[in-house]
Amino acid sequence: MPGLERKADYFVGHFDAMASNCEVLIDTEDENLAQEITRLAAAEVCRIEQKYSRYRDDNVLHQINQGAITRVDEETARLLDYAQQLYQLSEGQFDVTSGVLRQAWHFDGSDKIPTTARIDTLLPLIGWGKIQWHHPHIQLAKGMEIDFGGIGKEYAADRAALNISTFIAGQSDTHAQNTAALVNLGGDLAVTGPRKNGHGWQIGVTSGTSTLSLPAVDFSLKQGGVATSGDANRYLEKDGVRYGHVLDPRTGWPVEGAPAAVTVIAASCTDAGMLSTMALLHGPAAEDFLREQSVPYWCQWHNREIVERTPYP
Amino acid sequence: MQLKKTQRPRNIRRQLAAATCTLLAGTTHAGSLIASGDNWKIDSALLIYAEKDRVSLAEGVLNIRKEIDDDEFINARIVTDVLTGSSPNGAVPSNTAQTFTNPSGNSSYTEAANTTPLNHTFKDLRNALSVEWDTPFSRSLRGTLGGNISREYDYLSTGISVSLAQDINQRNTTLTLGISLNKDTWDPVGGVPVGFTAMPAFPAKKAIDGAKTDKTVKDILFGVTQIINRQTLMQLNYSRGQSDGYLTDPYKILSVLENDGSGNLRGTNPYVYENRPDQRTHQSLYWKGVHQFHNENVLNVSYRYFWDDWGIQSHTVDLRYRFDFDGGHYLQPHLRYYQQGAADFYRQTLTDGEENTLSYASADYRLGEFVTQTIGLKYGFEFKNGAEINFRAEMITQKGKDRSADAVGILQNQQLFPDNEAYLLQGGLSLDSDMVIKYIMGFFKK
Amino acid sequence: MLKTLLFSTCIALALSACSLEPVQPWDRDLLAQQKMQLVADPLEIYLDEHTYFSKEASSGGQSVGGGGCGCN
Amino acid sequence: MFSRLSALSVTLLFVFAVPAFAVEPAPDFTLPTFPDDREISLKDFRGRVVYLDFWATWCPPCRKSFPWMDEMHERYKDEGLTIIAISVDKKRELIEQFIKKTEPAFIIAHDPSGKVAIAYELRAMPTTYLIDRDGQVVMTHMGFRSSDKDKLEATIQSLLEK
């Protein structure tokens, strides 16, 4: 049940979904409007969660993962098309079929490194190229599975923001039409546009590690979205080697020397999320990759334990 | 087992943004732009029609057309009109004041000498709804099924229609067949008067034949539409219709004169209710041509010949010429000429006793011999997004044949046919953009 | 007599259709325009028909359907 | 595997069931393109599957097919599909306006006189000719309805896999 809280000159709607604290900041003083917008965002996020959660057995994802020939709906088809494009753009590094590696890797801070033999049994089950995807039909080989976990939250944030925009555009009074909102799904956020006063939304990024007390980075966001990938607390350590949680689907092993976390600002939350994930997959070259994309980013490294950043242009 | 990545990272941001855009928008960027105009169309118009010293009418029409599937449409039209003012009651002017009983029978009104007697009680609200479903059966055959209902406080009209259009000759010729059936019910104020009975002087009550009565109208139409060349097409229709039931106007009367050639109203019961046949068969031939000149101006011209078994014949010529100007503006002059002959039973007056020998008689000016001329101008502006706004102003004059030479006695100095002059103003707005529809939906949601 | 007239008109039209050079699908740009439709502005025609229906003894000819009224 | 089979069966059905769709060589043509005003010839695309579409800005179903053609282009261009949409509009400006709005990623060619349309014996707008890698017209499809999409796509897939 979404909650609503009045702030100085805006409202904050709260709800829980996708294992995150979700909030919607609504630049209005009209409580009914704020209520409606929160409800709209919550409904969309929950819809996407239910449809693509891998923990459910009543959704389209489950059906696909059973290995049967599945005729998918338009939205799922778009996600699959998108996954295919990501696979191509990342030259195989971003692969929605890599989720099966979870069976071998448990990043719980322990030293339980899987054996090479174990990994090798999983590798045949990974690879977008092994999937039969002919719009609108999909079929997976036995044992393979698809996981939209790497896209879902960012996609949900953008979809929620898009739904809010459509709703606002349909309002009849000009006050309501000028309302802007920010959707924040546990750090992945999307805005519908600048605030009423024409300024951007003030956003602070705090360090992901609890051991560090770095000053928060503040910036202003008028358009698009922000996403962070990585989690410094998820790793394994054995014989002095630290195994980060970012797995390369082509080898089944963690990417060596990847940053702990990367935050990116882009045209949409989904874009930002994909760029930050791909940056992690570039390992030590993460920042080279980000600079090549010329997007504003914040990169947090384990070894140097500092946050480097590109100033917001 | 680590994969060494040595090559310089590629810039993928633009490709990624395009892919994300497709993912989020639900369709390619082209899609949202194009689908809009072809899906919904809303047309609306407001008409003000005012006759000099007689009725005034304000009429609003809203037409919504939606493509529900490929080439399959639902069209709904809602009409509301408000009528006020007075209408000739059928009696002729006289050199003395005349007193008439209102249709309700509860009051009377008096008309001054030397004026066309009018019934002043008209105040009516009409609401009408019609819905059409238009669907293709094959690549060359389409069908339309329609229904309509129209409600006034004393009149209810309901109808259905079906039509088929078959393309032949490489779609250069279209054959049309249409049929319609209408069932109308009169619920006149004060009941249905018995024809040729006297309009009693208030407070006496008229003789009535029940409270309600009805009629059915059946129509059939055959049409051929022919493309002549890249700039010209023509249409030829033949239609035939039959009306059965109560075809009389319950509010119209006739003046009954003395038998002495004086032109004076008879002393007792000077007015009787009109009486028309209870069947009418009408036919018409309708031709229309549309031609676009090399300067992009368009001529739209039509001619109709109409005749029925009441003895009425009419000719209608309608001409519209559209001048297109740069930037989406256009001007369209409109000329219309209508000429009709009188019904066999049209009488301006009766003489004493005639109501007992005649089968039918009506003094309704609409059954007389007259000419209607219309002159008008329309201005329109087409927006780039497909919306259109337009205005038009027209003047309509109706002039009856001068029969004063045939009139008897004192009536020779009276204007026996109630000539009419009317002005028409209309504003229209057509929209077919997605944004506007969203706006309207948002408005109704509020 | 009338039937003969009608029949001959139809024949004439059919014959003319045969002798006419058919307009090809790719040449229908002008004919596709709204202003070239037989009823270019349906609301205007509807309002005109309604107006004249209540003032004159003739009606119809262009299409079937539509409703009656007890107009004055 | 599934879609390959079903696509093939759909195509076979059309090749054999309807004589109008009998295989015959696609007439070659050379036309200017939009907006860059190059010249293209059909023969340049031998070895690729060509989706040849005749359209015009004044034809509503043609306009409606554009987003879908964009989708097909995006989805199959790397597998060997080329979409050529030939406009039979008389005026260049109309096409310019339209493609500025829609930004199609596939090839737009211009045939103002209809000479290519005549060579293809065009009977309706739009008409699509699916031409296989050997330059044979495998399917002629008139009109564009949403329900046609699956059939067209299945045929495209089967031609690409041949």
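Numbered from 1 within each chain, the chains take letters A, B, ... in sequence-line order.
- Using a 4.5 Å cut-off between heavy atoms, B:His315 makes no contact with chain C at all.
- The part of B:Val79 that comes within reach of chain C is its side chain, from C-beta onward, which places non-hydrogen atoms under 4.5 angstrom from that chain.
- Judged purely by distance below 3.5 Å, without hydrogens or angles, the side chains of B:Thr372 and C:Glu56 pair a donor atom with an acceptor atom.
- Inspection of the C:Gln62 and B:Lys288 side chains reveals an N or O donor paired with an N or O acceptor under 3.5 Å.
- No donor-acceptor contact under 3.5 angstrom links the side chains of B:Ser87 and B:Asn119, judged on distance only.
- For C:Ser63, the part lying near chain B is the backbone, with the side chain staying farther off; criterion is any non-hydrogen pair under 4.5 Å.
- B:Arg126 and B:Asp124 are not joined by a salt bridge, as no carboxylate oxygen comes within less than 4.0 angstrom of a charged side-chain nitrogen.
- Between the side chains of B:Gln426 and B:Tyr49, no donor-acceptor pair is found at a separation under 3.5 Å.
- In terms of heavy-atom pairs under 4.5 Å with chain C, the best-connected choice from B:Asn390, B:Ile312, B:Asp324, B:Val162 is B:Asp324.
- Heavy-atom distances place the backbone of B:Ser44, and not its side chain, under 4.5 Å from chain C.
- To the nearest 0.5 Å, atoms CD1 (B:Ile227) and OG1 (B:Thr173) are separated by 8.0 Å.
- Neither the backbone nor the side chain of B:Arg240 comes within contact range of chain C, judged by heavy atoms closer than 4.5 Å.
- Looking at B:Arg336, B:Gln340, B:Gln339 one by one, the single match for side-chain contact (heavy atoms from CB on, under 4.5 Å) with B:Thr316 turns out to be B:Arg336.
- Both the backbone and the side chain of B:Leu221 come within contact range of chain C, judged by heavy atoms closer than 4.5 Å.
- When heavy atoms are compared at a cutoff of 4.5 Å, B:Glu59 approaches chain C solely by way of its side chain, counted from C-beta outward.
- Contact annotation for B:Lys215: neither backbone nor side-chain heavy atoms come within less than 4.5 Å of a heavy atom of chain C.
- Contact of B:Gln231 with chain C is made through backbone and side chain together, with heavy-atom distances under 4.5 Å.
- Heavy atoms closer than 4.5 Å to chain C are found nowhere in B:Glu382, neither backbone nor side chain.
- The residue among B:Phe370, B:Phe306, B:Tyr338 with the most heavy atom pairs within less than 4.5 Å of chain C is B:Tyr338.
- In this structure, C:Lys55 pairs ionically with B:Glu51, as a charged nitrogen and a carboxylate oxygen lie closer than 4.0 Å.
- Residue contact with chain C, scored on non-hydrogen atoms closer than 4.5 Å, is absent for B:Asp364.
- With a 4.5 Å cut-off on non-hydrogen atoms, B:Glu388 does not touch chain C at all.
- Here CH2 of B:Trp310 is found 8.0 Å from OG of B:Ser362. Values are rounded to the nearest 0.5 Å.
- Residues B:Arg322 and C:Asp41 are not paired through a salt bridge, judged by the lack of any N-O separation under 4.0 Å between the basic side chain and the carboxylate.
- Most heavy-atom pairs under 4.5 Å with chain C, from the set B:Asp219, B:Leu47, B:Val61: that is B:Val61.
- Of the atoms belonging to B:Arg171, heavy atoms from both backbone and side chain fall under 4.5 Å from chain C.
- Per-residue heavy-atom pair counts under 4.5 Å with chain C were compared for B:Ile396, B:Ile149, B:Ile160, and the maximum is reached by B:Ile396.
- When each of B:Glu132, B:Arg151, B:Glu296 is checked for heavy-atom pairs under 4.5 Å with chain C, B:Glu296 comes out on top.
- For B:Arg54, no part lies under 4.5 angstrom from a heavy atom of chain C.
- The distance from atom CG of B:Asn172 to atom CD of C:Gln24, rounded to the nearest 0.5 Å, is 7.5 Å.
- Side-chain atoms of B:Asp154 and B:Tyr251 form a donor-acceptor pair, as typed in the model, at a separation below 3.5 Å.
- In this structure, the portion of C:Gln37 lying under 4.5 Å from any heavy atom of chain B is its backbone and not its side chain.
- Interface residue B:Ile179: only backbone heavy atoms are found under 4.5 Å from chain C.
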